[in-house]
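To start, the structure under review is shown below, and the notes come after it.
In listed order, ligands and their atoms are each counted from 1. Small disclaimer: the values here were computed from a predicted structure and weren't measured.
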Amino acid sequence: MIDASPLGANVPCPSFLPNMNSLPFTMENLGFIRQFPWSYKPNLTLYGEEKHVIEELKFFKQHGGSSMVECTIVGLERDMNMMKRMAEESGVNIISGTGYYVDAALPQDVHSATQEQLVSTMVQDITKGAAGTSTRCGVIGEIGTSWPVTATEKKVLQATAAAQTQLGCPVIIHPGRNKQAPAEVIRILAEAGGDISRTVMSHLDRTIYDKGELSEFAKLGSYLEWDLFGIEVSYYEQVTNLDMPSDAQRIQMIKHVLDNGYEDRVVIAHDVHTKHRLMHYGGHGYSHILLNVVPMMLARGISQDQVDKMLIHNPRNWLTFK
Ligand SMILES: CCC(=O)NCCS(=O)(=O)O
């Protein structure tokens, strides 16, 4: 469950629709919302949508889904009690994240905290329970970083590496929107003693567009994640001179790394953080990969064995504490 308002902070309404935020979420406005999802503030929270999220998790389970990694952390309005309820009611395992989102979304107490305090909170969230509950997190992240990485984000990355060293836990990173960002984050984590082989670099869809550069990044040894499956609009509001790839292009990039021997390193996801991607609002929901993407992959020369690695074995290995 997420409030992704930080993603809308610097995204203006389209010039021909300056009052977009006052529009109701209706079928006639759905075209605008799909084109400008981060401009439309009512789209940026899933709070109030619990009933639909639970129904859609049940649908995911009916179609073979069993677990979901839920990366809502400090800065994105995590609610541990709600996630527990959703897991219990839907029957889907929810693996919840601890940690800190991008600098601009963080409360002042995170900026002023010491690295040791951040480590202690993340370790506590995983070993005892998070946010005053007895519900424990199972992963650190997605840790938010910008480009360039800010001082607070560097402190958080160093704290993440220290917590990971203590616990042997999985980590997932949100890189800044620049092709150099993933390697820079890996460098900071590695220098702080982090285990890169147990770290997922997310959002590669909108970060590394070139196959050669992707091959270079893959050599650094992290898991490689394409997690914006289902976003099928090429206009990327966050960086308007970059294209958001289609599912077909995501699959081409994944096939490239699989063909280069990285089949134990690829993971995929939907990163549902807006209303318009829920089935209730005309979106693809949590089952798009299982229902639509896997058949496309198989038709494009990716084997069932490789699909099973991406959907079962690689996530299982990543999520297992060492
Ligand atoms: C809140 C989840 C998130 O940050 N997703 C990535 C969105 S984008 O940076 O790729 O636009």
Side-chain angles (χ1 to χ4, degrees), residues 1-12 33-47 49 53 68-79 83 94-106 139-150 153 156-157 160 171-182 184-185 200-209 214 224-247 249-250 253 267-278 283-284 286 288-289:
M1 199 42 103
I2 191 165
D3 185 325
S5 300
L7 283 170
N10 298 316
V11 181
I33 295 166
R34 286 183 173 155
Q35 185 72 14
F36 304 106
W38 293 297
S39 293
Y40 184 54
K41 308 299 180 235
N43 193 35
L44 297 179
T45 181
L46 295 188
Y47 283 98
E49 307 302 327
V53 170
M68 182 171 81
V69 177
E70 218 290 344
C71 290
T72 300
I73 47 171
V74 174
L76 294 169
E77 306 299 331
R78 185 183 57 182
D79 183 333
M83 281 194 272
I94 297 183
I95 298 120
S96 177
T98 177
Y100 306 90
Y101 193 53
V102 295
D103 187 307
L106 295 176
V139 57
I140 298 181
E142 58 178 63
I143 294 297
T145 61
S146 314
W147 182 257
V149 176
T150 70
E153 289 167 352
V156 169
L157 287 170
T160 296
V171 165
I172 178 167
I173 303 292
H174 163 114
R177 299 180 186 94
N178 182 290
K179 63 183 182 180
Q180 298 172 61
E184 172 65 0
V185 169
V200 168
M201 187 56 63
S202 72
H203 314 328
L204 286 178
D205 329 35
R206 54 73 165 157
T207 315
I208 300 183
Y209 291 78
L214 185 58
L224 310 166
E225 181 169 278
W226 282 264
D227 52 24
L228 298 165
F229 270 103
I231 296 186
E232 286 280 15
V233 59
S234 56
Y235 177 61
Y236 182 35
E237 283 182 283
Q238 304 283 353
V239 190
T240 54
N241 62 346
L242 289 181
D243 296 338
M244 178 61 83
S246 65
D247 280 357
Q249 290 166 316
R250 291 181 180 98
M253 292 300 259
V267 286
I268 58 177
H270 302 103
D271 191 2
V272 174
H273 57 267
T274 52
K275 286 188 178 68
H276 82 296
R277 294 172 70 211
L278 295 177
H284 52 71
Y286 300 109
H288 174 65
I289 288 177

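- Listed by number with element, the atoms of ligand 1 under 4.0 Å from a non-hydrogen atom of Arg177 are 8 (S), 9 (O), 11 (O).
- In this pair, His174 and Tyr101 present their aromatic rings perpendicular. The plane angle is above 60°, beyond the 30 to 60° band.
- Set against the non-hydrogen atoms of Glu142, the atoms of ligand 1 under 4.0 Å away are 2 (C), 3 (C), 4 (O).
- For a threshold of 3.5 Å applied to N or O pairs, the pair formed by His174 and ligand 1 contains at least one separation below that value.
- Formation of a donor-acceptor pair under 3.5 Å by the Tyr47 side chain with backbone atoms of Glu77 is found in this model.
- Atom 10 (O) of ligand 1 has its closest protein heavy atom at Arg206 NE, 3.0 Å.
- Of the possible polar contacts, none joining the Asn43 side chain to the Trp38 backbone as a donor-acceptor pair under 3.5 Å is found.
- Those atoms of ligand 1 that come under 4.0 Å of a heavy atom in Ile2, given as number and element, are 1 (C).
- Looking at Arg206, its side chain never comes within 3.5 Å of a backbone N or O of Leu242 through a donor-acceptor pair.
- Shown in contact with Leu228 at under 4.0 Å from a heavy atom are these atoms of ligand 1, numbered in order with element: 10 (O).
- Counting non-hydrogen atoms of neighbouring residues, nucleotides and ligands closer than 6.0 angstrom, the NZ atom of Lys41 exceeds 12 such neighbours.
- Without hydrogens or angle criteria, Glu225 side chain to Val200 main chain gives no donor-acceptor distance under 3.5 Å.
- Closest to atom 2 (C) of ligand 1 among all protein heavy atoms lies Asp271 OD1, 3.6 Å.
- Those atoms of ligand 1 that come under 4.0 Å of a heavy atom in His203, given as number and element, are 3 (C), 4 (O), 5 (N), 6 (C).
- Residue contact check for ligand 1: Glu237 places no non-hydrogen atom closer than 4.0 Å to it.
- At distances below 3.5 Å, not a single donor-acceptor pair connects side-chain atoms of Glu142 with backbone N or O atoms of Ile172.
- Put simply, CD1 on Ile268 and CG on Leu224 are 12.5 Å apart, with the number rounded to the nearest 0.5 Å.
- If you number the atoms of ligand 1 from 1 as listed, the ones under 4.0 Å from a heavy atom of Gln238 come out as 11 (O).
- In this structure, the protein non-hydrogen atom closest to atom 4 (O) of ligand 1 is Tyr101 OH, 2.6 Å.
- You'll find the side chain of Pro175 reaches within 4.5 Å of the side chain of Ser202, heavy atoms only.
- Of all the heavy atoms of Asp205, none lies under 4.0 Å from any atom of ligand 1, so neither backbone nor side chain is involved.
- For Thr207, the heavy-atom gap to ligand 1 stays at 4.0 angstrom or more.
- When only interatomic distances are considered, the shortest N/O to N/O separation between Trp38 and ligand 1 does not fall below 3.5 Å.
- In terms of modelled atom types and a separation under 3.5 Å, the side chain of Arg250 and the main chain of Asp205 share no donor-acceptor contact.
- Shortest contact from atom 8 (S) of ligand 1 to any protein heavy atom: Tyr236 OH, 3.4 Å.
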